[in-house]
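Scroll down for the structure; my scribbles are underneath it.
What you see is a predicted model, and the numbers here were worked out from it, not measured in a lab. The residues of the chain are indexed from 1 along the displayed sequence.
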Amino acid sequence: MDLTRRTMLRGAGALPLLAGGLAGNLSFSALAQPAAASSAANEIPPVLFVHGNGDHAALWITTLWRMESNGVPREGMMAISFTDPLARTDDKVEQANRSSTEDQRRELGEAIKELKRRSGAPRVALVGNSRGGYAIRNIVKNGGGADVSHVVLCGVPNHGVYQWEEGLGGEFNGRGPFLRGLNEGESEVTAGTAFLTLRSDGMDKYAQADGRFVGKPGVPTGIASDGPALKGATNLVLGALDHREVAFHPRAFREIYKFIAGREPSRIAIVPETEIRLSGLVTGSPGGVVTNRPVSGATVEIYRVSAETGERTGGPIHSSQTGADGRWGPAQVEPTWYLEIVLTSPGSTTTHIYRSPFPRSSDIVHLRAARPIGSADAGAGAVVLMTRPRGYFGMPRDVVLIDGKEPKDVKPGVPTDSTATLRLAAEEVGRPVVAMFNTERIVARAWPASENRIAVAELTY
């Protein structure tokens, strides 16, 4: 039976937020004790989080913190970073630094085995966003269902991003062999595993009837806003959330937790820890293709900065260089500190990343160098990016301001953009730039583009 429940949400700022290994690069979130451990939390199966196209494990950091704040032990959770997170143009044709559906199925299978081994549990729960849901459905349907108790699919384009006769080899084509294979039969889910889908009420850029969101304006996609729903699953509509928010927003967390735990979470807010330890991977983009392949010889420095000016309050509080495994850290910080993380990576732009305080520890603070300074930046004295990895900028849905103005490169309507760019004149190098998204506010400093430096105000929420 296909159950659909609607919940209304006017915008991403509707809920108050607390500001502040294997081939697939597995990460345990296991650095400290959970905030509110309980015997009930131990009844929850181990949970493996699976990211989407071009992404990495770090996108789940706030979800992990919320799980921990509800007593789920860190050793009972894991997040995977697929080696090559971008899909091929044609699933059967090799492309450098891109993965096939089979590559993802294999790496996810290894991750499931590892989580079962570490936890001793007979079955695990899988939570996936976007393309990550394809790997989940593939392994459950084709031989791995006995290992999986629950599946939560967040913004997964289960019937494709489009349904066209051309490009049938692409895994996002609902008429192609990959998705037809997953969706064949009266039920589109696998018996013995509980399935939940979470989707947007019209604000998901990959569940749109018009092809303009995939480069073909005016061409019908054959997909509607209910494209992520599956026959046989519990299907929930979360209101005006975008393609990523249906995975990473507090509203999505509530449904993920409730479905797996069988009860409401005791809290939505993140409970801070007193001692924070941070670490992660430095990954690269060979040939301009983002990957989760480790980068050796990269330097990571961390500075405490003023929340009001972005200026450093002293020397580096952490400095480390990556080895062959690409890992940096650990760094110890306080839960009230605003941070500047400086990534110097061979052959890449020196990247100054400004972040809100980290309320809890994490070993998946993964770093990639910013894009190269390009022709569009010609003549700019400084380039400052405002990025939102866990969602898009929705205008007029959200408050989106960089340097006191709405960014001109963010399109209104259906949220499609997660990066805004500010270019400053040479005489403005060194000054503060305020980036604001709803209740989160970050102050970055403008670094000289002539020194191949870019500043990034990276939003956490």
Side-chain angles (χ1 to χ4, degrees), residues 1-7 44-50 52 87 91 100-102 104-106 108-109 111-112 116 122-164 168 170-202 204 206-209 221-238 243 246-247 252 255-262:
M1 182 178 181
D2 184 23
L3 303 175
T4 301
R5 174 157 56 85
R6 287 182 181 268
T7 60
I44 298 175
V47 186
L48 176 57
F49 294 92
V50 188
D91 191 40
S100 67
T101 55
E102 177 57 25
Q104 296 231 316
R105 187 201 64 78
R106 184 187 66 255
L108 181 57
I112 292 171
K116 287 180 61 182
R123 306 183 85 190
V124 304
L126 302 178
V127 181
N129 172 237
S130 194
R131 188 192 182 204
Y134 285 178
I136 290 173
R137 292 188 65 198
N138 194 3
I139 201 163
V140 171
K141 183 179 179 69
N142 296 310
D147 294 325
V148 181
S149 60
H150 301 75
V151 163
V152 184
L153 304 172
C154 310
V156 177
N158 284 309
H159 295 92
V161 176
Y162 49 83
Q163 295 181 349
W164 294 333
L168 292 176
E171 67 181 82
F172 300 109
N173 191 339
R175 294 185 183 177
F178 175 69
L179 284 178
R180 282 193 291 104
L182 289 184
N183 294 327
E184 64 185 355
E186 288 189 15
S187 175
E188 295 174 329
V189 301
T190 303
T193 298
F195 277 77
L196 169 68
T197 74
L198 303 178
R199 72 180 191 271
S200 172
D201 192 5
D204 186 334
Y206 295 122
Q208 297 292 324
T221 63
I223 300 296
S225 61
D226 64 351
L230 289 174
K231 291 182 292 184
T234 299
N235 299 298
L236 302 186
V237 182
L238 298 186
H243 178 67
V246 293
E255 299 299 344
I256 293 168
Y257 181 91
K258 186 168 66 171
F259 186 72
I260 296 173

Angle class for the His243/Tyr206 ring planes (parallel below 30°, perpendicular above 60°, tilted otherwise)? perpendicular

Flag the pair Val127 / Val50 as yes when at least one side-chain heavy-atom distance between them is below 4.5 Å, and no otherwise. no

Would you please name every residue forming a salt bridge (charged side-chain N to carboxylate O under 4.0 Å, His left out) with Arg137, sequence neighbours left out? none

Report the distance from atom CG of Asn183 to atom CG of Leu179, rounding to the nearest 0.5 Å. 6.0 Å

Partner of Glu171 under salt bridge (charged side-chain N to carboxylate O under 4.0 Å, His left out), chosen from Arg180, Arg105, Arg131: Arg131

Does Ser100 have any side chain to side chain donor-acceptor pair (under 3.5 Å) partners at least two apart in sequence or in another chain, and if so, which? Asp103

Hey, does the side chain of Arg123 reach the backbone of Ala146 with a donor-acceptor pair shorter than 3.5 angstrom? yes

Heavy-atom donor-acceptor pair, Gln163 side chain to His159 backbone, under 3.5 Å: yes

What are the two closest non-hydrogen atoms of Pro228 and Asn158, and how far apart are they? O-ND2, 2.6 Å

Beyond-backbone contact of Leu196 with Leu236, side-chain heavy atoms, under 4.5 angstrom: yes

Specify the closest pair of heavy atoms between Ala233 and Thr197, including all atoms of both residues, with the distance to one decimal. CB-CG2, 4.2 Å

Residues in salt bridge (charged side-chain N to carboxylate O under 4.0 Å, His left out) contact with Asp147, at least two apart in sequence or another chain: Lys116

Closest non-hydrogen atom pair between Ala111 and Leu48, with its separation: CB-CD2, 3.8 Å

Donor-acceptor contact below 3.5 Å, side chain Asn235 vs main chain Leu230: yes

Do Leu198 and Val152 pass the side chain to side chain contact (heavy atoms under 4.5 Å, CB included) test, and can you show the C-alpha distance, the side-chain angles, and the key distance before you say yes or no? CA-CA 8 Å; Leu198 303 178; Val152 184; 4.2 Å; yes

Could you tell me whether the side chain of Gln208 and the main chain of Gly202 form a donor-acceptor pair under 3.5 Å? yes

Is the shortest side-chain heavy-atom distance between Asn173 and Tyr162 below 4.5 Å? yes

Minimal heavy-atom distance between Val156 and Ser130, with the atoms involved, is CG2-O, 3.4 Å

Taking it one step at a time, do Trp164 and Arg175 satisfy side chain to side chain contact (heavy atoms under 4.5 Å, CB included)? CA-CA 6 Å; Trp164 294 333; Arg175 294 185 183 177; 5.8 Å; no

With side chain to side chain contact (heavy atoms under 4.5 Å, CB included) as the criterion, how do Phe195 and Leu153 come out once you've worked through the C-alpha distance, each side chain's angles and the decisive distance to 0.1 Å? CA-CA 8 Å; Phe195 277 77; Leu153 304 172; 4.2 Å; yes

Heavy-atom closest pair (Asn129 atom, Cys154 atom, distance to 0.1 Å) is ND2-O, 3.0 Å

Between Asp204 (side chain only) and Arg199 (backbone N and O only), is there a donor and an acceptor less than 3.5 Å apart? no

Pairwise side-chain contact, Thr101 with Asn138, heavy-atom cut-off 4.5 Å (strictly under): yes

Run the side chain to side chain contact (heavy atoms under 4.5 Å, CB included) check on Leu126 and Ile112 step by step: do they pass? CA-CA 9 Å; Leu126 302 178; Ile112 292 171; 4.0 Å; yes

Go through Phe172 and Tyr134 one step at a time and tell me if the ring-ring contact (aromatic ring centres under 6.0 Å, His included) criterion holds. CA-CA 9 Å; Phe172 300 109; Tyr134 285 178; 5.7 Å; yes

Pro45 versus Ile260: any side-chain heavy-atom pair under 4.5 Å? yes

What I'd like to find out is whether the side chain of Val161 reaches to under 4.5 Å of the side chain of Thr221, using heavy atoms alone. no

